[in-house]
Every structure is written in structure tokens, then in C-alpha cells.
Amino acid sequence: MATSQRFVGRSGRGGFVGVGGRSPAVERRARRVAPPSAPTTPGGSATFQTKPNPAGSLRNETRSRRAARPCALRSDEDYRRAVRASWRRLILWRARRSAAQDEQEQVVVEKVAVCGGGAFGTALATVLARKYGEAAVTVLVRDAEVARSISEDHVNPRVGWTLPGNVRGTTSPADALEGCDLIVWAIPVQASTSFVEKVKDHVPPRVPVVSVSKGLEVTSCRTMHEVLERALGEDQPLVALSGPSFAKEVMEGLPTNLVAASEDERHARFVQQVFASPTLRVNVTRDVMGVEIGGALKNVVAIAAGIVDGLGLGNNALSALVAQGTAEIRWLAVRMGAEASTITGIAGVGDIMLTSFVNLSRNRTVGVRLGKGESLDEILSSMTQVAEGVKTAQVVIALAKKYNLVLPVLTAVAQVVDGQIDAKEAVDTVMTFPQIDDVDRGYDFYKEGEPTAASPSSSCEPSNELSGV
Ligand SMILES: NC(=O)C1=CN([C@@H]2O[C@H](COP(=O)(O)OP(=O)(O)OC[C@H]3O[C@@H](n4cnc5c(N)ncnc54)[C@H](O)[C@@H]3O)[C@@H](O)[C@H]2O)C=CC1
Ligand SMILES: O=C(CO)COP(=O)(O)O
């Protein structure tokens with residue numbers, strides 16, 4: 001009775017009245033859920049009758065759906081109205097925000113320098129060259145043949161991707177950097193200090209440098225922000241751009257969401273405007289530390305995830321390990337001044353999931369191969385691209401010491417990477433930990449380790465065991 005009243009109301013507004021007052025959509029859904037040929041179950045609900053009884057099965061189906069609904073949405077129409085209203089709020093919000101954004105001044109980009117012609121530098125050069133068809137996008141590389149191929153053949157031979165005509169290659173820092181409006185930094189972390197020293201005299205002051213490199217410098221424990229600031233000075237606008245973004249998918253124009261972080265929000269907003277496109281969303285934050293630590297340490301967790309898969313331990317173990325690793329990243333990041341919400345957000349959990357669960361990841365691949373018994377030397381010597389997590393794992397130990405933390409999963413990876421234990425032993429050790437309370441409360445040494453006035457620790461030197469790495 002209630003059902004037909006609901007749909008009479010709709011039909012009064014030019015809607016419809018289906019069988020028994022139900023809409024065609026409800027009919028279709030009900031038929032899908034209750035196929036006439038479905039087998040009988042003991043105590044048989046109408047949904048699983050052997051003999052078709054469409055009217056009865058629909059009644060029961062509606063009843064059971066209604067019973068499963070939240071109490072405030074008792075009827076079908078309440079429910080639909082709530083869904084429509086929720087969606088409408090989103091659409092209105094989009095319209096308001098888009099109007100505000102349309103009023104913003106459009107950024108003008110005429111010359112972009114991309115330092116590093118690896119996979120990600122090439123992908124971002126392509127994204128910007130496609131968006132700014134009139135702009136000159138110059139990729140600064142070390143190898144003259146790579147530069148020639150990019151300029152003349154429009155192919156980067158390192159990755160084999162075809163590039164837009166307005167992307168050029170060069171080995172000259174002056175050619176790439178002078179007069180540019182934006183610099184994208186896609187040099188691997190461990191090579192960044194020496195490379196920035198070589199090019200810094202050509203970096204125009206006040207031009208934003210957007211670092212996309214993910215890792216921590218092993219000799220100093222510095223983040224990329226710290227590495228670049230030290231070389232370029234505090235006045236150089238710096239932005240960390242990170243998030244779940246495989247170069248290949250960015251190159252293919254697949255939807256991607258990044259986070260631009262800068263202590264000066266204006267620089268992050270500038271980068272948001274520069275990169276934003278229908279397939280590239282760029283969020284903005286001032287939490288540089290959170291974005292950089294999330295991006296750096298997800299590579300270490302991805303190695304752990306790969307190890308679990310390489311050992312064939314299954315999806316349950318994989319997910320638990322990634323969740324534990326995520327908590328450890330959060331513990332460390334918060335101690336370093338980051339916001340916990342950055343680690344649970346797109347540049348944290350978003351990237352952790354991508355890199356830990358998807359085979360395109362180089363760091364995950366390193367872990368899989370370690371888990372299968374290959375040595376790290378064998379793995380690294382066969383790779384043509386960087387897996388930043390290997391070096392960053394070593395920095396984690398020094399940071400954990402500095403911030404008085406014990407990080408089970410991250411430490412296990414450091415041990416394996418350093419060759420002190422093998423992958424199987426690391427996993428066995430973690431699995432035989434005593435049963436504990438859930439994550440934050442469980443590892444009581446986490447709380448015990450909180451720095452106190454009596455136990456400040458400022459050293460960030462890699463420990464003796466790791467010296468010489
Ligand atoms: N590939 C990806 O999907 C993503 C990579 N990233 C990050 O971007 C950074 C670069 O990664 P990829 O482009 O993928 O690496 P890649 O291994 O494909 O290329 C690295 C580039 O750096 C150059 N390079 C290596 N050593 C150098 C040195 N000593 N001096 C100057 N240049 C040197 C190489 O010649 C190459 O052009 C890494 O920190 C990575 O974590 C970030 C997001 C996605
Ligand atoms: O950072 C990445 C995706 O966001 C790429 O990860 P890998 O370096 O492990 O391939």
C-alpha cells in the first residue's frame with residue numbers, strides 16, 4: 001500500500017506507475033537480484049524460489065531492501081530523494097567552485113624546463129607540452145644522443161615514448177633553464193645534490209621549482225625540499241608535487257590526482273593551475289613534510305609488499321602489512337612535523353596503495369624479486385630505472401633513531417635491503433611478534449619511545465651498520 005502511494009505521487013508529477021506501483025528501474029533491479037531460475041535454499045526466501053512468482057518475489061525483495069536501509073530513509077522515495085539531493089549538492093558545489101576558478105587569472109606558460117629525462121620527467125614534459133601547445137618544453141638530460149632523439153625524432157629512447165613536437169631535449173643547463181617560467185625536478189634523489197650544484201647558476205630566481213622526486217638523501221637524511229632549498233636558497237619558490245601517478249598512465253592521459261605542497265600556498269596554487277586539466281587534478285596543501293615523507297616512504301612499504309607477494313604469502317598478509325606500514329609512515333611523519341591527514345590522504349595512502357598493489361611499480365618489483373630469492377645486487381644491476389625505496393629504507397633507520405621510534409615493517413625492509421637477514425626471515429620475525437592491541441596502542445614501544453626532555457636525540461647519521469652505503 002505504501003509502495004503504490006509513493007509512486008502515485010511521482011506519476012502526479014509526470015512520473016510513472018509501474019506494476020504494483022513500482023518504477024521500471026525497481027522492476028529491473030528486482031529481476032536481476034531474483035532470477036526465476038535461482039535455486040531453492042532451505043527455509044527458502046522468495047528470492048530463491050524455484051517456481052517464478054514475480055509479484056511475491058518483488059514484494060519480499062522490496063521489504064528486505066527497506067529493512068536494510070538506514071532508519072531515516074524508510075521508503076524507496078525517501079531513499080531516492082536523499083540520493084538525488086546529495087548528488088545535487090555536489091553539482092551545485094562544482095558549479096560554485098568552477099565559477100570562482102574561472103574568475104582567476106589564467107597562468108601563462110611560455111617556457112618550461114624539465115630536469116631529468118627519465119620516465120616521469122618525460123611524462124610531465126608531455127603533459128605540459130600538450131596543455132600549452134605554444135610553449136617550449138625543454139628536457140635537460142646528460143646524454144647528447146638522448147637530447148638529439150627527443151628534439152629531432154620526438155622520441156625519448158630511454159622510455160620509447162613519442163613526444164609532442166614542442167618538446168626539445170638539451171644537455172645544456174643554460175639552454176634549458178634560462179628564461180623559463182617553471183622548473184620540474186625529476187632527477188633521482190641520490191643524484192639531486194650533485195646535479196643541482198651543476199645547474200644552480202642557471203636557475204632564474206623566483207621561478208618555482210617543482211620537485212616530483214620521491215625519497216630521502218642517504219648521506220644527509222634530507223628531504224628533496226631540504227636538498228633544493230640548501231642549494232638554491234630560501235627565496236627560491238619550491239613545490240613538492242606527489243601522489244599516485246605512474247608515469248605511463250600520466251603519459252597516456254589517464255585520470256590522475258596529485259597534491260602540490262608548498263609552505264607558501266600561492267606557489268602550490270600556481271602549480272595547481274599550471275598542471276590542472278580534465279584528466280589531471282591537483283590538490284593543494286602547505287604540508288610539505290607530509291607530502292614528501294608519504295611519497296618517500298611509500299616506496300619502502302612497496303618493497304615490503306613485493307616481498308610478501310614474492311614469498312607467495314597471499315592477499316591477507318599483503319593488506320595487513322601495507323596497513324601496518326602505513327601506520328609506521330604516519331608515526332614518523334607526525335614526529336617530523338607532518339599532519340596525519342596528509343598520510344591518510346592522496347599523497348599518502350593513495351600512493352601507498354598504488355605502489356604496493358600494482359605491478360607497474362619498480363619498488364614493488366624489487367620486493368617481489370627479493371621475495372623470490374634474488375640478491376639485491378642482481379636485481380639492481382638488471383634495472384634501467386630507479387627504485388628510490390632501496391636507499392630510502394636505509395635512511396628510515398637513522399630517522400627512527402633520531403625520533404626515538406621503532407618501525408617494525410620499515411625496519412624489516414632496511415634489514416633485508418642491507419643484507420642482514422633474508423626476506424623469509426624478516427617476514428617470519430614479524431609474524432611471530434606477540435599478539436597485540438590494534439595498531440597505535442599495540443606497539444607499546446611506540447609510546448615508550450616518545451622523546452622526552454631526558455632523551456632528546458638529534459642525530460641523523462646513518463647507524464654504523466649502514467655506514468658506507
Ligand atoms: N616513474 C614514475 O612513475 C614516477 C617517478 N617519480 C619519481 O621521479 C623521480 C625520477 O623517476 P623516473 O623518471 O621514473 O626515473 P628514471 O629511472 O626513469 O629516470 C631517471 C632520470 O634521471 C637521470 N639521472 C640518473 N642519475 C643521474 C645523475 N647522477 N645526474 C643526472 N641525472 C641522472 C637518468 O639519466 C634519467 O634520465 C624519482 O624520484 C621517482 O621516485 C614520481 C612519480 C612517478
Ligand atoms: O611513485 C610512483 C607512483 O606514484 C612510482 O612508483 P615506482 O617508483 O615504485 O614505480
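Every number for a ligand or one of its atoms is a count from 1 in the order of the listing. Quick note: residue numbers are just sequence positions, from 1.
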Between ligand 2 and the protein, which N/O pairs fall short of 3.5 Å?
unit_1, atom_1, unit_2, atom_2, d
ligand 2, 1 (O), K214, NZ, 2.8
ligand 2, 1 (O), K298, NZ, 2.7
ligand 2, 4 (O), K214, NZ, 2.9
ligand 2, 4 (O), G243, O, 3.2
ligand 2, 4 (O), S245, N, 3.0
ligand 2, 4 (O), D351, OD1, 2.7
ligand 2, 6 (O), K298, NZ, 3.2
ligand 2, 8 (O), R362, NE, 3.2
ligand 2, 8 (O), R362, NH2, 3.0
ligand 2, 8 (O), N363, ND2, 3.2
ligand 2, 9 (O), S361, OG, 2.7
ligand 2, 9 (O), R362, N, 3.2
ligand 2, 9 (O), N363, N, 3.1
ligand 2, 9 (O), N363, ND2, 2.7
ligand 2, 10 (O), R362, N, 2.9
ligand 2, 10 (O), R362, NE, 2.9

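Ligand 1 does not have Q190 within reach: every non-hydrogen atom of the residue lies 4.0 Å or more from it.
Checked by atom type, the side-chain pair H225/E292 shows no donor-acceptor distance below 3.5 Å.
With atom 23 (C) of ligand 1 as the reference point, the heavy atom nearest to it among P188, A119, G118 is part of P188. Heavy-atom proximity to atom 17 (O) of ligand 1, evaluated over V386, T392, T256, is greatest for V386.
For the pair K214 and D351, the salt-bridge criterion is met [side-chain N within less than 4.0 Å of a carboxylate O]. Ionic pairing of D175 and R168 is present here: one or more N-O contacts between side-chain nitrogen and carboxylate oxygen are shorter than 4.0 angstrom. Taking a cutoff of 4.0 Å between a charged side-chain nitrogen and a carboxylate oxygen, E197 and K200 qualify as a salt bridge. A salt bridge links E265 with R269: at least one charged nitrogen is closer than 4.0 Å to a carboxylate oxygen.
Residue N299 forms a side chain to side chain donor-acceptor pair (under 3.5 Å) with just one option from N363, T355, T392, and that option is N363.
Atom numbering of ligand 1 starts at 1 in the shown order; those under 4.0 Å from a heavy atom of F246 are 3 (O).
Of all protein heavy atoms, the one closest to atom 44 (C) of ligand 1 is S245 O, 3.1 Å. The single protein non-hydrogen atom nearest to atom 14 (O) of ligand 1 is R362 NH1, 2.9 Å, given as residue, atom name and distance. Nearest protein heavy-atom neighbour of atom 34 (C) of ligand 1: R142 NH2, 3.8 Å.
When heavy-atom distances to ligand 1 are checked against a 4.0 Å cut-off, E388 comes that close only through its side chain, counted from C-beta outward. Of all the heavy atoms of F195, the ones lying under 4.0 Å from any atom of ligand 1 belong exclusively to the side chain.
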